[in-house]
Asks: 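Dropping the structure in here first, questions after.
Excluded from the calculations below are hydrogen atoms, water molecules and symmetry mates; all remaining heavy atoms, backbone and side chain alike, are included.
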Amino acid sequence: MYKLNDIFKQATRDEVSIKIDGEGYEAMLRQGIKITKEGESYQIFNTTIGVFYQEISEEQYQIFYEYGWVIGVYKLALINYKRKLKVVENKMRNEVNTRKNDKHIKTLKKSRLNLLESYRTTSNKLNKLNKIKSNDSNKINIRNTK
């Protein structure tokens with residue numbers, strides 16, 4: 001189990017995360033997920049929902065507590081891709097049943113393909129990390145039994 005300060009430290013050591021500091025706070029951003037530190041207060045935001053950044057739910061915090069920064073970001077990114085995919089598919093369904101604008105339908109299809117590709121790429125990265133993590137824990141278990 002990780003604590004928020006541990007997760008923030010992981011984010012600061014992550015070479016892919018982008019550092020975004022402001023007056024009185026530090027922040028790191030990766031794949032639309034932002035973790036901030038103001039004094040001793042930490043928060044995680046999902047930047048892909050709506051106009052304003054929304055703090056993640058308690059269930060989503062649990063993902064980070066259990067898996068840490070990188071795997072937590074990947075898991076939350078997959079949730080975001082699924083949500084965006086539903087929106088695009090609903091727009092496609094609505095467009096096909098109403099206006100039937102070919103140009104708009106093609107744009108939506110391209111958007112859907114991009115989301116599916118992003119989902120696949122992130123899913124593959126997550127699988128590789130999980131494989132590495134399970135191999136590391138197996139090595140530890142083997143060492144402990146000798």
Asks: What do you reckon, is OH of Tyr53 surrounded by more than 12 foreign heavy atoms closer than 6.0 Å?
Replies: no
Asks: Within the distance-only criterion (no hydrogens, no angle test), does the side chain of Gln10 pair as donor or acceptor with the backbone N or O of Trp69 below 3.5 angstrom?
Replies: yes
Asks: Would you mind reporting whether Ser123 and Leu78 have side-chain heavy atoms less than 4.5 Å apart?
Replies: yes
Asks: Donor-acceptor pair, distance only, cut-off 3.5 Å: does the side chain of Gln54 make one with the backbone of Thr47?
Replies: no
Asks: What I want to check is whether the side chains of Glu66 and Tyr2 have a donor and an acceptor closer together than 3.5 Å.
Replies: no
Asks: What heavy-atom pair brings Thr36 and Ala27 nearest, and what distance separates the two atoms?
Replies: CG2-CB, 3.8 Å
Asks: State whether the side chain of Tyr67 and the backbone N or O of Tyr74 hold a donor-acceptor pair below 3.5 Å, judged by distance alone.
Replies: no
Asks: For a quick test of reading the model, state the closest non-hydrogen atom pair linking Leu108 to Val88 and the distance between them.
Replies: O-CG1, 3.4 Å
Asks: Is Asp6 reaching over with its side chain to a backbone N or O of Lys3, donor-acceptor style, under 3.5 angstrom?
Replies: yes
Asks: What is the distance from atom CD of Glu26 to atom CD of Glu38, rounded to the nearest 0.5 Å?
Replies: 10.5 Å
Asks: Would you give the length of the straight line joining atom NZ of Lys84 to atom CG of Asn114, rounded to the nearest 0.5 angstrom?
Replies: 11.0 Å
Asks: Taking ring pair (Phe, Tyr, Trp, His ring centres under 6.0 Å) as the definition, give me every residue that meets it alongside Tyr25, ordered by chain and number, with sequence neighbours left out.
Replies: none
Asks: Surrounding NZ of Lys100 (heavy atoms of other residues, nucleotides or ligands, distance under 6.0 Å), is the total greater than 12?
Replies: yes
Asks: Is the shortest distance from a Lys or Arg side-chain nitrogen in Lys19 or Asp21 to a carboxylate oxygen in the other one below 4.0 Å?
Replies: yes
Asks: What's the shortest heavy-atom distance between Phe8 and Tyr42, and which atoms?
Replies: CB-CE2, 3.6 Å
Asks: Hey, could you give me the CG/OG distance between Leu116 and Ser111, rounded to the nearest 0.5 Å?
Replies: 9.5 Å
Asks: Decide, yes or no, whether a salt bridge links Lys86 with Glu89 under the criterion of side-chain N to carboxylate O below 4.0 Å.
Replies: no
Asks: Hey, could you give me the CD1/CE distance between Ile18 and Met28, rounded to the nearest 0.5 Å?
Replies: 8.5 Å
Asks: Restricting to non-hydrogen atoms, name the atom on Ala11 and the atom on Ser17 that form the minimum distance, rounded to 0.1 Å.
Replies: O-CB, 3.6 Å
Asks: For the residue pair Val73 and Phe64, establish whether any side-chain heavy-atom pair is separated by less than 4.5 Å.
Replies: yes
Asks: Do Asn90 and Arg93 come close enough that some side-chain heavy atom pair is under 4.5 Å?
Replies: yes
Asks: Give a yes or no on this: more than 12 heavy atoms of other residues, nucleotides or ligands lie within 6.0 Å of atom CD of Glu58.
Replies: yes
Asks: For the backbone of Glu117 and the side chain of Thr121, can you confirm whether one donor and one acceptor N or O come within less than 3.5 Å of each other?
Replies: yes
Asks: Working to the nearest 0.5 Å, report the span between OG1 of Thr12 and NZ of Lys9.
Replies: 8.5 Å
Asks: Scan Leu85, Ile33, Thr122, Leu115 and name whichever one has a side-chain contact (heavy atoms from CB on, under 4.5 Å) with Asn80.
Replies: Ile33
Asks: Can you label the angle between the Tyr119 ring and the Tyr81 ring as parallel, tilted or perpendicular, going by 30° and 60°?
Replies: perpendicular
Asks: About how many Å separate CE of Met92 and CG of Asn97, when rounded to the nearest 0.5 Å?
Replies: 11.0 Å
Asks: Evaluate Arg30 against Val70 for side-chain contact (heavy atoms from CB on, under 4.5 Å), listing each step before the verdict.
Replies: CA-CA 9 Å; Arg30 181 175 180 158; Val70 175; 3.6 Å; yes
Asks: Testing the basics here: between Thr48 and Asn46, what is the closest heavy-atom pair and its distance to 0.1 Å?
Replies: OG1-OD1, 2.7 Å
